[in-house]
Amino acid sequence: MVPALRYLVGACGRARGGFAGGFPGACRSASGRPRPLCGGGRSASTSSFDIVIVGGGIVGLASARALILRHPSLSIGVLEKEKDLAVHQTGHNSGVIHSGIYYKPESLKAKLCVQGAALLYEYCQQKGISYKQCGKLIVAVEQEEIPRLQALYERGLQNGVQGLRLIQQEDIKKKEPYCRGLMAIDCPHTGIVDYRQVALSFAQDFQEAGGSVLTNFEVKDIEMAKESPSRSIDGMQYPIVIKNTKGEEIRCQYVVTCAGLYSDRISELSGCTPDPRIVPFRGDYLLLKPEKCYLVKGNIYPVPDSRFPFLGVHFTPRMDGSIWLGPNAVLAFKREGYRPFDFSATDVMDIIINRGPAGVRAQALDRDGNLVEDFVFDAGVGNIGNRVLHVRNAPSPAATSSLAISGMIADEVQQRFEL
């Protein structure tokens, strides 16, 4: 397996609907491990696939694209519970292309963000997707923040972030005339993009290469097929059955789940552990009124406080010219709960700010209640476990990193499933 992947191993030993000795038939080697795919390819019916990706967000679509471009002879399908693609975390975020400065050196977050940002800029140029490399300032406004700012600068250099500079008050004012601070990190490679547009472009690439997208398919169960009396070819070649809430089902050989806010529940459906659990945090944004948008040119962030897992309230320009201020981070009472129960405008909001959108972030917690800070991939054992790869925790900067993540997932799928 890819050494860098963090795994929760041995968690998928229970194989629901299977046989104690493993599923008999054409898709297993004498050693009991899955052998290379049994052909099928383009001749597979619309209800049977070699590989199924559960989740039509940016990570799932990037992974589907990477897999079909690498394995064009295989039949690959994407299942999405909504009627449209990329409508949850992918469609509810600030749109920032992160540089990779914040993350622990040598972590997957750091490596994949730096790689992913470069790949994303290249992809957008190739596809004609609009983006702005507007840069970012991380600004210290108090003397006690300066040591943290300097340490963050050193971390960015360790992570290989290009173009970083420590700048003083005069240079801050040159870049952001209405921003005041003692010292700042200038991150020129930070940008903004519409991630839903990027995700839909991934979907188009995938479908043009022969992939299938099934929307309105909310997964209810994942199990091993029960052998029919006739020992049907479909049952042997496609031993995993995925059922939806409407009673429909598809069959496949292998499954990759990229279920975001529902990654723990989808894992549990397949007989794997629900840990780490997903705890949803809602982030609310405010909007500067249009006549005040001249106050902000690029991204302006505070120096992060290590006591908290989020980056702090910041100003972010959007592709439509608006300026977002936020987000806060509050526990959401619903995984797709984008609206708070109540809201009262303040005098400040009446003057310069309008109510803005909200997003919900899937934050993984381990059994001890600690926030899981890095990407987590779960591959188990047993009849279903050795046919499933779960993307269990893909928090920000997953959108920035999506192309790099997809390459890593494609590598692991190829090696683990012996494609």
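Computed over heavy atoms, backbone and side chain alike; hydrogens, waters and symmetry mates excluded.
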Spacing of Leu61 atom CG and Leu200 atom CG [to the nearest 0.5 Å]: 7.5 Å

Where Cys187 and Leu164 come nearest, the two heavy atoms and their spacing: SG-CD2, 3.6 Å

Ile192 and Arg318: CA distance, side-chain angles, deciding distance, side chain to side chain contact (heavy atoms under 4.5 Å, CB included) verdict: CA-CA 7 Å; Ile192 55 172; Arg318 299 282 291 176; 5.6 Å; no

Nearest-0.5 Å distance, CD1 of residue Ile222 to CZ of residue Arg387: 14.0 Å

Smallest separation among heavy atoms of Val388 and Arg416, with atom names: O-NE, 3.9 Å

Under 3.5 Å donor-acceptor, Thr215 side chain and Glu80 backbone: no

Point-to-point distance, once rounded to the nearest 0.5 Å, from CD1 of Ile76 to OG of Ser212: 10.0 Å

Ser94 and His314 side chains, donor-acceptor separation under 3.5 Å: no

Identified side chain to side chain contact (heavy atoms under 4.5 Å, CB included) counterpart of Arg70 within the set Asp411, Val413, Leu419: Asp411

Under 3.5 Å: donor-acceptor pair, side chain of Asp50, backbone of Leu74: no

Main-chain N/O of Ala404 paired to Ser401 side chain as donor or acceptor, under 3.5 Å: no

Verdict with reasoning, Asn216 to Lys246, per side chain to side chain contact (heavy atoms under 4.5 Å, CB included): CA-CA 9 Å; Asn216 289 310; Lys246 302 175 185 176; 3.7 Å; yes

Step-by-step side chain to side chain contact (heavy atoms under 4.5 Å, CB included) determination, Ile51 to Phe417: CA-CA 10 Å; Ile51 303 172; Phe417 300 151; 5.6 Å; no

Side chain to side chain donor-acceptor pair (under 3.5 Å) contacts touching residues 175-188 (sequence neighbours left out): Arg165-Asp186

Check: Asn159 side chain, Tyr103 main-chain N or O, donor-acceptor pair, under 3.5 Å: yes

Salt bridge (charged side-chain N to carboxylate O under 4.0 Å, His left out) against Asp84, all qualifying residues, sequence neighbours excluded: none

Sub-4.5 Å side-chain heavy-atom contact between Asp205 and Leu69: no

Note, Leu269 side chain near Glu223 side chain (heavy atom, < 4.5 Å): no

Atom CD of Gln162 with >12 non-hydrogen neighbours under 6.0 angstrom: no

N/O donor-acceptor pair under 3.5 Å between Ser406 side chain and Leu403 backbone: yes

Point-to-point distance, once rounded to the nearest 0.5 Å, from CG of Asn93 to CZ of Arg196: 12.0 Å

Short side-chain to backbone donor-acceptor contact, Thr400 and His98, under 3.5 Å: yes

Pairwise distance CZ(Phe49) to CD1(Ile250) - rounded to 0.5 angstrom: 6.0 Å

Listed once per pair and sorted, the ring pair (Phe, Tyr, Trp, His ring centres under 6.0 Å) pairs that draw on residues 105-161, sequence neighbours left out: Tyr121-Tyr131, Tyr123-Phe202

Non-hydrogen atoms of Ile97 and Tyr195 that approach each other most closely: CA-OH, 3.4 Å

4.5 Å side-chain heavy-atom contact, Phe315 and Leu295: no

Sidechain-backbone polar pair: Ser63 side chain, Val59 backbone, donor-acceptor under 3.5 Å: yes

Reported CD1-to-SG distance for the pair Ile53 and Cys258, which is rounded to 0.5 angstrom: 7.0 Å

Side-chain touch Ile240/Met224, heavy atoms, less than 4.5 angstrom: yes

Note, Ile167 side chain near Lys174 side chain (heavy atom, < 4.5 Å): no

Side chain to side chain contact (heavy atoms under 4.5 Å, CB included) involving Gln168 - partner list, sequence neighbours excluded: Met183

Tyr262 and Lys81: CA distance, side-chain angles, deciding distance, side chain to side chain contact (heavy atoms under 4.5 Å, CB included) verdict: CA-CA 11 Å; Tyr262 293 92; Lys81 74 183 183 71; 3.8 Å; yes

Side-chain heavy-atom pair Trp324, Leu287 within 4.5 angstrom cut-off: yes

Any pair counted as salt bridge (charged side-chain N to carboxylate O under 4.0 Å, His left out), so long as it reaches residues 253-263, sequence neighbours left out: none

Side-chain donor-acceptor pairs of residues 132-144 under 3.5 Å, sequence neighbours excluded:
| from | atom 1 | to | atom 2 | distance (Å) |
| --- | --- | --- | --- | --- |
| Gln133 | NE2 | Pro188 | O | 3.4 |
| Gln133 | NE2 | His189 | ND1 | 3.4 |
| Lys136 | NZ | Tyr102 | OH | 3.3 |

Shortest non-hydrogen separation from Val78 to Gly56 and the atoms involved: CG1-CA, 4.1 Å

Any side-chain heavy-atom pair of Pro302 and Glu145 under 4.5 Å: no

Nearest atoms (heavy-atom pairs only) where Gly100 meets Val114: CA-CG2, 4.2 Å

Minimum heavy-atom distance Ala398-Ile405, with the two atoms named: O-CD1, 3.9 Å

Side-chain heavy atoms of Arg155 within contact of Pro105, under 4.5 Å: yes

